[in-house]
Trainee: 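One structure is given below, represented as structure tokens, and several questions about it will come after.
Keep in mind that what you see is a predicted model, and the values were worked out from it rather than measured. Every heavy atom of this structure was used, including side-chain atoms; hydrogens, water molecules and symmetry mates were not.
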Amino acid sequence: MDNSREALQAFLDIISFDRILSILLLCLTAWLFLVLVQFCLNQLNNKLPKYRLIWNRSYPFVRLFVWLCVIIYSIVGIIDPHENLILAVVGSISIVVGLATQEPAKNMIAGFIIMLNPPYRVGDMVTLAGHYGEVIKLEWSVTWLRTFDDNTVMVPNAEALKTAVSNANSGALDEMVVVKFSIPMAADLQKAIALAREATQCSPYTFLNKPIIVNLSNDYSFGQYQQIITVKAYVMDVRLEKKFVSDINIRVLSAFKNAHFYDEQQTSPT
């Protein structure tokens, strides 16, 4: 009881208008600094989009470092607490750790783990909680995705850790895209493969430093067999995935039509 009273008295002794004002000014300065950092990163993204992923991934660590510095300096440099207060704070932290099974604490701990051993990073195209999109922000408690429908999705970090994560590019700016086409059994298969490869190579979105793979397989549907041409190629930027798929469809189907593999009524990309 005496220790609790001493801790409370020590806490009341350090509360003053000057100290509170100093902490508020320090927090405001840190916030303005982070806004400036974010602005600079956005400018770098516009000027050097090739290195967009590197700039974006550095921000969560900068933000974490800045706020840790604010907390440490506020305690050590401004508050300068009594020994009893330090013991009381340590006890409070122990209680918080003991309550880590609660959702907010679980999400924050999961966010810290994701930053240290990331299954994904800012800029990656991932599937989380049934949503596919680009990781645009990684915070302590949640991960933010932007889907191709331009929706923003918030996924709790604890949810991201306990489920399988599908990462399309794993830190690279390019990613593999798979597009399938069906052609009649009587079509010239060698010519179809060559046309699909050539059409893919001609796309302005194709990342030509990586291989283009064209496979052939069979499919039985609607009571008949069809040949399936599968094109696997890399798009130069993950944000161009949908444009790349559309462009490949147009180019390959046009090539197949010009080769008279089927008439327009039979055209059926899968």
Side-chain angles (χ1 to χ4, degrees), residues 41-58 118-128 130-138 143-153 165-183 187 189-217 219 226-259 261-262 264 267-270:
L41 291 178
N42 291 336
Q43 295 301 311
L44 286 172
N45 289 339
N46 295 331
K47 298 293 184 182
L48 300 170
K50 182 178 180 180
Y51 302 101
R52 183 184 74 249
L53 301 184
I54 298 176
W55 312 135
N56 289 338
R57 287 168 193 159
S58 64
Y120 52 82
R121 305 170 181 84
V122 175
D124 284 355
M125 299 296 296
V126 300
T127 301
L128 286 179
H131 300 279
Y132 178 70
E134 179 186 1
V135 179
I136 58 174
K137 190 186 299 184
L138 178 57
T143 296
W144 295 89
L145 303 180
R146 179 176 289 122
T147 68
F148 284 108
D149 296 327
D150 204 26
N151 294 326
T152 302
V153 181
V165 178
S166 175
N167 194 327
N169 57 319
S170 298
L173 193 61
D174 58 272
E175 68 165 339
M176 176 180 281
V177 174
V178 179
V179 188
K180 295 184 178 181
F181 305 88
S182 63
I183 59 175
L189 301 182
Q190 293 294 336
K191 185 175 182 181
I193 292 174
L195 288 174
R197 185 185 304 277
E198 181 181 357
T200 304
Q201 289 174 335
C202 293
S203 173
Y205 306 112
T206 304
F207 186 60
L208 296 176
N209 290 345
K210 291 188 176 181
I212 298 173
I213 301 172
V214 183
N215 293 326
L216 178 68
S217 60
D219 178 65
Q226 287 184 321
Q227 302 284 0
I228 302 298
I229 297 289
T230 302
V231 177
K232 297 181 179 180
Y234 288 83
V235 61
M236 63 175 58
D237 192 310
V238 294
R239 293 181 175 177
L240 300 174
E241 177 184 331
K242 292 301 181 183
K243 291 184 178 180
F244 182 53
V245 171
S246 178
D247 188 63
I248 292 300
N249 271 287
I250 292 173
R251 291 176 182 273
V252 173
L253 289 175
S254 296
F256 286 174
K257 289 176 184 178
N258 292 335
F261 288 157
Y262 36 54
E264 294 185 1
T267 299
S268 57
T270 61

Trainee: Exactly one of Val179, Leu216, Asn215 should register a side chain to side chain contact (heavy atoms under 4.5 Å, CB included) with Ile229. Which one does?
Mentor: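 Among Val179, Leu216, Asn215, the one that satisfies the side chain to side chain contact (heavy atoms under 4.5 Å, CB included) with Ile229 is Leu216.
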Trainee: Could you tell me if the side chain of Thr127 sits less than 4.5 Å from the side chain of Val165, heavy atoms only?
Mentor: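 They are not in contact (no side-chain heavy atoms under 4.5 Å apart), so the answer is no.
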Trainee: Mind checking the CE-CD spacing from Met236 to Glu241? Nearest 0.5 Å is all I need.
Mentor: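 That separation rounds to 14.5 Å.
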Trainee: For Arg239, does its backbone N or O pair with a side-chain atom of Asp237 as donor and acceptor, under 3.5 Å?
Mentor: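 A pair under 3.5 Å: yes.
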Trainee: Under 3.5 Å, side chain of Thr206 to main-chain N/O of Gln201, donor-acceptor pair present?
Mentor: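 The answer is no, because no donor-acceptor pair under 3.5 Å joins these two groups.
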Trainee: For residues 191-204, which residue pairs qualify under salt bridge (Lys or Arg N to Asp or Glu O under 4.0 Å), counting only residues two or more places apart or in two chains?
Mentor: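 Sorted pair list comes back empty.
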Trainee: Please find the pair of heavy atoms, one from Glu175 and one from Ala168, that lie closest to each other, and give the distance.
Mentor: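 Scanning both residues, the minimum pair turns out to be OE1-CB, 2.8 Å.
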Trainee: To the nearest 0.5 Å, how far apart are CG in Asp124 and OG in Ser166?
Mentor: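 Those atoms lie 11.0 Å apart.
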Trainee: Check salt bridge (Lys or Arg N to Asp or Glu O under 4.0 Å) between Lys210 and all other residues, then give those that pass, not counting sequence neighbours.
Mentor: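 Here the qualifying residues are Asp174.
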Trainee: Would you please test Asn169 and Asn167 for side-chain contact (heavy atoms from CB on, under 4.5 Å) and show each step?
Mentor: CA-CA 6 Å; Asn169 57 319; Asn167 194 327; 3.4 Å; yes
Trainee: What's the spacing between Met125 CE and Tyr132 OH if we round to 0.5 Å?
Mentor: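 Here the interatomic distance stands at 4.0 Å.
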Trainee: Going by side-chain contact (heavy atoms from CB on, under 4.5 Å), name the residues that satisfy it together with Pro204, two or more places apart in sequence or in a different chain.
Mentor: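 Checked Pro204 against side-chain contact (heavy atoms from CB on, under 4.5 Å); matches are Asp247, Arg251.
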Trainee: Atom CD1 of Ile136 and atom CH2 of Trp144: how far apart are they, to the nearest 0.5 Å?
Mentor: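 Here the interatomic distance stands at 8.0 Å.
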Trainee: Please report the interatomic distance CG(Leu253) to CG(Leu195), rounded to the nearest 0.5 Å.
Mentor: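 The distance works out to 11.5 Å.
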Trainee: Report yes if some heavy atom in the side chain of Phe207 is under 4.5 Å from a heavy atom in the side chain of Val235; otherwise report no.
Mentor: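 No, every pair of side-chain atoms sits at 4.5 Å or beyond.
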Trainee: Are Thr143 and Tyr120 linked by a side-chain donor-acceptor pair shorter than 3.5 Å?
Mentor: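 Indeed, the side chains of Thr143 and Tyr120 share at least one donor-acceptor pair under 3.5 Å.
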Trainee: Side-chain contact, heavy-atom cut-off 4.5 Å: Ser254 with Lys257?
Mentor: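 With C-beta onward as the side chain, the pair stays apart.
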Trainee: Nearest 0.5 angstrom please: Ile248 CD1 to Lys180 NZ, how far?
Mentor: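 Here the rounded value is 16.0 Å.
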